[in-house]
There are 2 protein chains.
Amino acid sequence: MTIVGNPMGQSTPELEDAIHEKIRAAGLRLTMPRRAICAVLAVNDEGFLTTQEILGRIGEQGVPIDPSTAYRTLDDLAKIGLIHLVHLGSSPGRWHLTVEHDHQHLVCEICGKTTLVPTAEIQPMFDQLRERYGFQTRHHHFAIMGHCETCSESEEHDHA
Amino acid sequence: MTIVGNPMGQSTPELEDAIHEKIRAAGLRLTMPRRAICAVLAVNDEGFLTTQEILGRIGEQGVPIDPSTAYRTLDDLAKIGLIHLVHLGSSPGRWHLTVEHDHQHLVCEICGKTTLVPTAEIQPMFDQLRERYGFQTRHHHFAIMGHCETCSESEEHDHA
DNA sequence: CTCGCTGTTGCAAGAAGTTGCAACAAGAAT
DNA sequence: ATTCTTGTTGCAACTTCTTGCAACAGCGAG
């Protein structure tokens, strides 16, 4: 899967400002490591990065930060809802800016293929969960695991 | 959350036999470490165990196995669909026997509370994904993250 | 029952992720 | 602009997870 976000590979100042504002609003201090992490995430506002990848990019383009700081900071940002962790299959989780995206992901466990589905198609289920259980589904960007069409078909052949 | 499976804390021979059969059917060898792991999972056929917990239980009740073996074996068992990994929030994933359970999980990101929802309520969505995308949702036991009723309400108060 | 092929295991080394703590700096108060 | 408070950081030690590899043991063939 390749999910490319910002085609220019550059962060928009507006997005970064909005992020900084959220950090302050949550009562957190705006430090250098946090700026660096947010900058990387802002450039990839549609992407999914592992902690290692984030560390790598920060190292490439300036003053590296300590891994432990990255792990802790990412947890903190997740706690205030700015980002969240997505587990696409097993393998290390990937961080992602929390934005109300208009699509969800169907991830094939066999070939890894990712299919995008308009959130509208799933919204009814979210609404239902809210009505019946008072449950607010969050970061509507979660992965549904299963087998894609192609892999489902080859499976049937195998069983034949 | 406390999910207790087999009330006797004992594995049923039938379940273990069925598991062994699946392992053989997949072309994998039935070795001692694999038996041990399956035994632990079979006792907790409704439970969710981390790799560490599995290692711990095996160590308690007999010959311990090497951690690396456990990690690899669990991956292998997941590959053949016998078990799967569930990420309830962040924190290490938990392994779980793949059975067609009749419920799903709504996990609150704030208080950790888990609500069970009959699969029947979500089945329509799965059916729809299959019709439109040919996507077969697997191990119908996945976690939907969000905020539970109680936490949603306190959030509103905070904003007031 | 024994042999042989090859999937598995345990070990060891390394990478990734966590935790405690003293030094540091963001930002409010003055 | 300076000081003070306290949330954060970087370091170091540790735990957890991964990977390469030689020795081992399922299990099918003979």
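A, B, ... follow the sequence lines: proteins, then strands. Residue 1 opens every chain. Atom set for the values below is all heavy atoms of this structure, side chains included, hydrogens, waters and symmetry mates excluded.
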Below 4.5 Å, heavy atoms only, C-beta onward: do W95(B) and L85(B) meet side chain to side chain? yes
Could you tell me whether the side chain of V40(B) reaches within less than 4.5 Å of the side chain of E53(B), counting heavy atoms only? no
Does dT15(D) have OP1 or OP2 under 4.0 Å away from a side-chain N or O of Q52(B)? no
Measuring to OP1 and OP2 of dG7(D), would you say a side-chain N or O of T31(A) lies under 4.0 angstrom away? no
Heavy atoms only, 4.0 Å cut-off, all strands: where does [X] land among base, sugar-phosphate and nothing?
X      : value
R24(A) : sugar-phosphate
S68(A) : base
R34(B) : sugar-phosphate
T73(B) : sugar-phosphate

Starting at [atom1] of [X] and ending at [atom2] of [N], how long is that distance when rounded to a whole Å?
X      : N       : atom1 : atom2 : result
L55(B) : dT18(D) : CG    : C1'   : 14 Å
Y71(A) : dC11(D) : OH    : P     : 16 Å
I23(A) : dG7(D)  : CD1   : P     : 17 Å
D76(A) : dT9(D)  : CG    : C1'   : 12 Å
L74(B) : dT8(C)  : CG    : P     : 14 Å
I65(A) : dC11(D) : CD1   : P     : 12 Å
L85(A) : dA16(C) : CG    : P     : 17 Å
R35(B) : dT8(C)  : CZ    : P     : 14 Å

For R34(A), does its backbone N or O pair with a side-chain atom of T73(A) as donor and acceptor, under 3.5 Å? no
Per nearest nucleotide of DNA chain C, the residue lying toward the 5' end, M32(A) or D66(B), is D66(B)
So which nucleotide from dG27(C), dC27(D), dT9(C) ends up closest to the side chain of R72(B)? dT9(C)
Between the base of dG7(C) and the side chain of R29(B), is there a donor-acceptor distance below 3.5 Å? yes
When rounded to the nearest 0.5 Å, the distance separating CD1 of I122(A) from CG of L129(B) is 5.5 Å
Atom pair CZ (R130(B)) and CD (E149(A)), whose distance is rounded to the nearest 0.5 Å: 10.5 Å
